[in-house]
Every structure is written in structure tokens, then in C-alpha cells.
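None of these values were measured; they are calculated from a predicted model.
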Amino acid sequence: MSSTRAPGRACAVAERTPPRPPQRIAYAVLALALVGLGLRFLALGFTPRILPAVIVVGGVWLGYEASRPRRSTRYEVSRLWICREGDCRKLSELGAARLDWHRPSVWGGWRPALLLQLGRESWPLELSLEGWHDVWDCLRELRPDLGLPDWRRHPGVLKLLVHHRHRGVRLPPGVEVHETSNTAAALVGGLATATAHLFVLPLLGLAGPPWDLPASVVVVGLAVWGYGRLDPPRLERVPPPRPANAPQAERAQVK
């Protein structure tokens with residue numbers, strides 16, 4: 001079907017819109033600034049040269065991300081249909097739904113997604129979309145025969161929610177995650193670096209160049225890693241599970 005919307009009243013919608021022009025402009029300006037700063041450091045003979053080179057590469061990558069075209073992604077589910085970016089299929093054609101990893105392109109990383117099996121095709125409902133949890137609940141309500149578990153008690157989903165920043169997962173409403181404090185981690189890294197330079201490195205005879213920079217990088221990395229192990233991210237609150245027919249019952253009460 002050519003319509004971009006599912007026929008009938010929508011049960012749930014999940015979507016991701018591309019960055020707006022002001023965001024793209026801000027990213028492009030920042031990318032140019034990073035490239036210019038890195039090239040300036042190289043021209044001044046900054047050592048070690050790996051640092052200016054990393055700054056230049058980071059600026060080029062940010063500029064590429066800001067300029068490359070991106071399409072909006074939209075899933076819409078109604079009582080009889082499921083649509084993705086204008087392609088609508090009958091909901092009865094949905095053969096299976098499972099949580100798995102999805103790779104959108106050869107150069108892209110692996111992303112968690114609810115893979116929807118429609119005939120020979122597999123539609124990835126990525127957990128980075130806004131409203132993915134609504135589509136999940138809607139599929140449980142309309143297709144209970146799929147045996148799709150409640151995401152609120154799915155071990156894989158709960159683990160992804162804890163590490164949502166690293167996995168690119170959008171938190172559903174009502175989910176609260178205790179995050180590792182970046183300020184505290186930076187403070188611990190600074191104290192560890194100062195201690196190493198004042199006491200440890202002179203004791204080992206490694207004070208001064210060329211050991212200053214490598215030692216600082218190692219000490220900060222170990223300190224931040226150790227603090228993260230002592231205060232890891234964890235789930236503080238998850239909404240209680242609900243039966244698969246809960247949305248239908250709620251609508252009946254509203255009526």
C-alpha cells in the first residue's frame with residue numbers, strides 16, 4: 001500500500017525523525033572548529049602528534065554525521081495493519097517477533113531491535129525509536145499468539161535499559177536508571193593522576209617526559225573504570241507488568 005499511515009485507528013506509533021537544520025548547522029560548525037584546531041596544533045609541532053590527529057579525525061567524522069542524509073523511521077500499528085515508512089502489511093502476516101541485534105548497514109554498528117518477521121522480510125523495530133514500547137505492548141494485545149513477553153520483565157530488555165546510553169536505547173516513561181556520576185568519576189580520575197605524578201612516578205623513576213602523558217592516560221582510565229565498578233548503573237524503577245489485554249480493558253473503562 002502507498003499510504004504512510006496504517007488504515008484504521010492507530011494502536012501505537014514508534015518513530016525517529018532526522019536532526020533538524022539548526023542541529024545539523026551546529027554539528028557542522030563544531031566539526032570545522034575541531035578540524036581547524038587539530039590542524040593548528042599540527043602546524044605548531046604539538047607532540048605527541050597522535051593527539052592533534054585524533055582531533056582532526058573526530059572533526060571529520062562529526063562533519064560526515066552532520067552532512068549525511070538521514071530518513072525518518074516510522075512504525076504504525078492498527079488493529080489489522082502494521083506499516084513501516086509507507087509499506088503496510090496485514091497484521092495477520094506477522095509470523096514471529098523476537099528481541100535480537102540488528103545491523104542497519106555494513107558500516108553501522110549493531111543495535112538492539114524487536115525483529116518482526118513478515119513473510120521473507122524482517123522489519124527491525126529498533127529500541128532507539130520513540131514509542132517502541134507502545135508498539136511492543138500493542139503487538140502483545142493484538143497478537144497474543146506470538147507469545148511476546150512483557151518488556152517490563154524481559155531480562156534482555158532490562159539489561160539494555162541499564163546500559164541505555166551505550167546501547168542507544170530510549171527509556172520508556174516510568175523507567176528510572178541510576179547513572180554513574182560523571183562528575184565523581186572525573187574527580188576520582190583527577191585525584192588519582194595527581195597522586196601518581198606526586199608520589200608514584202617519582203618513586204619509580206618515571207617522572208617527566210616521555211612518561212607523563214602515557215602514565216596520565218593509564219591512571220585516569222584505571223581510576224574511572226574502578227569507580228564505575230564501585231558505582232555501576234542500575235535500574236531504580238520499572239513500571240509493573242500488565243496483562244496483554246490491559247490496553248483494551250483501559251479503553252473499555254474510558255468508554
Side-chain angles (χ1 to χ4, degrees), residues 4 6 10-20 23-24 26-27 30-31 57-58 60-77 82-89 91 93-140 143 146-180 182 228 232-235 238-239:
T4 59
C11 171
V13 174
E15 60 184 345
R16 176 177 53 237
T17 57
R20 293 177 295 180
Q23 292 176 304
R24 289 181 177 269
Y27 290 151
L30 180 58
V57 172
V60 171
W61 175 82
L62 185 60
Y64 167 75
E65 287 293 320
S67 60
R68 72 183 179 95
R70 297 182 183 180
R71 296 188 307 170
S72 59
T73 303
R74 180 183 175 92
Y75 282 82
E76 189 169 346
V77 179
I82 179 171
C83 297
R84 182 189 68 162
E85 301 175 11
D87 185 6
C88 294
R89 307 290 181 86
L91 193 58
E93 297 180 13
L94 181 59
R98 72 181 190 280
L99 182 68
D100 207 338
W101 292 97
H102 161 68
R103 194 174 189 178
S105 63
V106 177
W107 303 105
W110 292 92
R111 304 175 184 175
L114 182 66
L115 299 184
L116 309 175
Q117 195 66 38
L118 290 156
R120 295 184 177 180
E121 295 186 52
S122 181
W123 287 5
L125 175 67
E126 295 183 7
L127 271 59
S128 60
L129 300 180
E130 183 176 1
W132 66 264
H133 50 281
D134 293 329
V135 173
W136 189 305
D137 288 336
C138 185
L139 292 176
R140 291 186 66 236
R143 290 292 308 275
L146 294 176
L148 189 62
D150 193 333
W151 62 265
R152 300 163 186 82
R153 292 296 179 268
H154 192 296
V157 174
L158 296 180
K159 186 176 181 180
L160 290 170
L161 293 178
V162 173
H163 304 283
H164 66 101
R165 288 187 176 180
H166 303 288
R167 299 302 185 183
V169 176
R170 186 177 293 270
L171 289 181
V175 175
E176 298 178 3
V177 179
H178 169 76
E179 305 285 357
T180 302
N182 293 330
R234 58 184 180 273
L235 281 175
V238 179

[atom1]/[X] to [atom2]/[Y] distance, rounded to the nearest 0.5 angstrom?
X    : Y    : atom1 : atom2 : answer
R89  : L118 : CZ    : CG    : 6.0 Å
H133 : D150 : NE2   : CG    : 12.0 Å
E130 : R16  : CD    : CZ    : 11.5 Å
R74  : C83  : CZ    : SG    : 9.5 Å
L146 : L94  : CG    : CG    : 5.0 Å

With heavy-atom distances below 4.5 Å as the criterion, would you say the side chains of [X] and [Y] are in contact?
X    : Y    : answer
H102 : S122 : no
L127 : W151 : no
L139 : L114 : yes

Tell me the closest heavy-atom pair linking [X] and [Y], and the distance in Å.
X    : Y    : answer
R152 : D137 : NH2-OD2, 2.9 Å
P239 : G174 : CD-O, 3.7 Å
A97  : L116 : CB-CD2, 3.8 Å
G109 : P104 : O-CD, 3.5 Å
C138 : A12  : CB-CB, 3.8 Å
A14  : L125 : CB-CD1, 4.0 Å

**Q.** Residue from L99, L148, L160 passing side chain to side chain contact (heavy atoms under 4.5 Å, CB included) with H154
**A.** L99
**Q.** Test applied, side chain to side chain contact (heavy atoms under 4.5 Å, CB included); reference residue, V169; option that passes from L161, V157, V175, L129
**A.** L161
Q: Please state whether the rings of H166 and H163 are parallel, tilted or perpendicular, taking 30° and 60° as the class boundaries.
A: tilted
**Q.** Set of side-chain hydrogen bond (donor to acceptor under 3.5 Å, both in side chains) partners for R111, sequence neighbours left out
**A.** E126
Is the number of heavy atoms from other residues, nucleotides or ligands under 6.0 Å of [X] [atom1] greater than 12?
X    : atom1 : value
W61  : CH2   : no
R167 : CZ    : no
E179 : CD    : yes

Counting distance only, does the side-chain N/O of [X] pair as donor-acceptor with the main-chain N or O of [Y] below 3.5 Å?
X    : Y    : result
Q117 : G119 : yes
Y75  : P124 : yes
R170 : W132 : no

